[in-house]
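Worksheet: the structure to be examined is printed underneath.
Counting convention: from 1, in listed order, for ligands and their atoms alike.
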Amino acid sequence: MFEPSYLSLYKSGELEKRVAALNGLLAECEICPRKCRVNRLESDSGFCRSGRQARVSSYCDHHGEEPVLSGPKGSGTIFFSGCNMRCSYCQNYQISQAMESGDSHINSVELANVMLYLQEKLQCHNINLVSPTHYVPQIVEAVFYATGKGLRLPIVYNTNAYDSTSTLKLLDGIVDIYLPDIKYSSDEWAVKFSQGKDYVMQSRRAIVEMYRQVGNLVIDSSGIAQRGLIVRHLILPNGISGSADSLEWLAENISRTVTVSIMAQYHPSYLANSEPVLSRRISHDEYRQVVSMVERLGLENGWLQEMDASDYYLPDFERQSHPFQIK
Ligand code: SF4
């Protein structure tokens with residue numbers, strides 16, 4: 001019988017202490033590597049434009065995630081607005097940057113009720129937090145309230161990996177499944193296309209800490225993820241994502257047994273059409289090179305997204321009830 005890691009922290013009183021510690025960070029915010037040091041209890045003037053309350057764009061049973069997350073009943077996905085990066089090709093730009101989806105400010109009790117709705121009404125396999133980094137205090141407070149009312153699903157932390165290790169340490173024993181991107185192996189591209197200063201160092205440190213906490217992926221007898229690390233890598237055109245370097249780093253510094261999800265769905269969204277190197281989909285040749293690299297390194301756990309699967313993943317956040325149109 002699965003028991004989420006946060007349940008023992010709830011019973012011992014540690015989860016409530018984490019809520020207090022994390023809420024204290026909002027007064028001079030250093031929750032992510034940007035260290036804006038703004039008082040989010042009074043304003044939303046930091047880089048992520050997020051204040052005291054979480055902003056949620058939508059939530060649903062999502063069937064387009066990796067098979068171990070979606071399963072037959074869907075991944076209970078909560079899309080947060082705002083972001084601590086600015087990817088010029090972001091497929092979620094409507095909620096991450098344009099903030100135009102008609103989102104709601106909700107307090108932590110309301111966020112807890114969303115989690116319980118995904119568990120009880122939609123019967124989802126997990127709580128999948130999309131772009132959670134800037135809302136870690138609000139999320140942990142909501143997990144605390146929801147646990148008291150019966151939340152028992154694994155928590156999935158679905159992040160761009162621009163996370164600070166000190167904040168991640170406060171999530172130790174709360175998050176069951178870490179789902180970070182590894183976006184770049186060049187800080188030059190990370191700054192140019194995502195405004196992510198020191199992204200390579202920050203993301204690699206974050207992934208090391210995530211792996212320390214949860215280790216390799218564990219799935220249950222019906223093929224549903226319960227705990228562990230899954231690293232996503234989106235292939236960008238013209239080598240911008242530095243696939244070879246990132247995959248080599250994973251194999252050598254995490255493990256050849258780490259679970260990787262290679263994504264071929266890149267589509268020039270948002271501002272990407274005005275950047276010549278980002279204005280097309282990846283080629284078959286670029287795709288085959290990454291597949292060969294995965295095989296050469298002996299990374300045997302995970303998924304390779306087919307190139308013709310690309311449309312499936314494109315969300316439309318104007319369609320509030322279910323941003324992903326299943327084809
Ligand atoms: S969470 Fe937001 S306000 Fe806080 S440091 Fe990061 S970008 Fe700045």
Side-chain angles (χ1 to χ4, degrees), residues 18-57 78-90 92-101 103-108 111 128-144 155-172 174-175 178-184 187 189-210 213 270-271:
R18 301 276 184 94
V19 171
L22 283 161
N23 280 340
L25 298 178
L26 289 170
E28 201 172 340
C29 190
E30 292 190 1
I31 285 166
C32 86
R34 293 204 182 273
K35 298 188 175 179
C36 301
R37 299 194 176 95
V38 297
N39 183 353
R40 288 179 53 189
L41 302 173
E42 295 184 354
S43 78
D44 56 2
S45 56
F47 185 90
C48 60
R49 291 185 276 165
S50 308
R52 175 67 186 92
Q53 293 193 334
R55 292 174 67 171
V56 170
S57 169
I78 303 174
F79 294 95
F80 292 98
S81 300
C83 190
N84 67 337
M85 297 187 83
R86 297 264 195 280
C87 299
S88 51
Y89 51 88
C90 180
N92 292 357
Y93 71 94
Q94 292 158 301
I95 62 171
S96 64
Q97 296 176 56
M99 311 290 258
E100 63 185 19
S101 68
D103 59 2
S104 308
H105 290 76
I106 64 174
N107 63 36
S108 297
L111 183 55
N128 180 354
L129 307 161
V130 179
S131 297
T133 301
H134 49 302
Y135 288 128
V136 168
Q138 294 86 344
I139 287 166
V140 172
E141 191 169 48
V143 169
F144 171 72
I155 302 291
V156 182
Y157 190 85
N158 183 342
T159 174
N160 56 32
Y162 201 44
D163 288 273
S164 112
T165 49
S166 56
T167 303
L168 289 174
K169 285 180 194 301
L170 290 167
L171 288 171
D172 193 1
I174 298 172
V175 170
Y178 279 106
L179 183 60
D181 298 329
I182 188 161
K183 287 180 172 295
Y184 302 103
D187 282 328
W189 294 133
V191 168
K192 182 172 172 60
F193 296 123
S194 299
Q195 296 186 39
K197 183 171 171 282
D198 298 329
Y199 176 83
V200 178
M201 176 191 71
Q202 298 290 356
S203 61
R204 291 181 179 188
R205 275 188 189 165
I207 291 170
V208 167
E209 172 60 18
M210 293 172 192
Q213 291 182 23
Y270 194 36
L271 306 175

F193 and M85, any side-chain heavy atoms less than 4.5 Å apart: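 Result no, sub-4.5 Å side-chain heavy-atom pair not found.
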Separation between CG of L111 and CD1 of I78, rounded to the nearest 0.5 Å: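 It is 5.0 Å, given to the nearest 0.5 Å.
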L171 CG to R18 CZ distance, which is reported to the nearest 0.5 Å: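 The CG atom of L171 sits 8.0 Å away from the CZ atom of R18.
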Distance-minimising heavy-atom pair for I174 and L170: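 Looks like CD1-O, 3.5 Å.
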Protein contact of atom 1 (S) of ligand 1 - nearest heavy atom, named by residue and atom, plus distance: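 Closest protein heavy atom to atom 1 (S) of ligand 1: R40 NH1, 3.5 Å.
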Atom 8 (Fe) of ligand 1: protein N, O or S atoms [distance under 2.8 Å]: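 Near atom 8 (Fe) of ligand 1, the protein supplies C36 SG.
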Test side-chain hydrogen bond (donor to acceptor under 3.5 Å, both in side chains) applied to Y162 and T133, step by step: CA-CA 8 Å; Y162 201 44; T133 301; over 6 Å; no
Residue pairs passing the salt bridge (charged side-chain N to carboxylate O under 4.0 Å, His left out) test where at least one lies in residues 33-54, sequence neighbours excluded: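 Listed by first then second residue: E30-R37, R52-E141.
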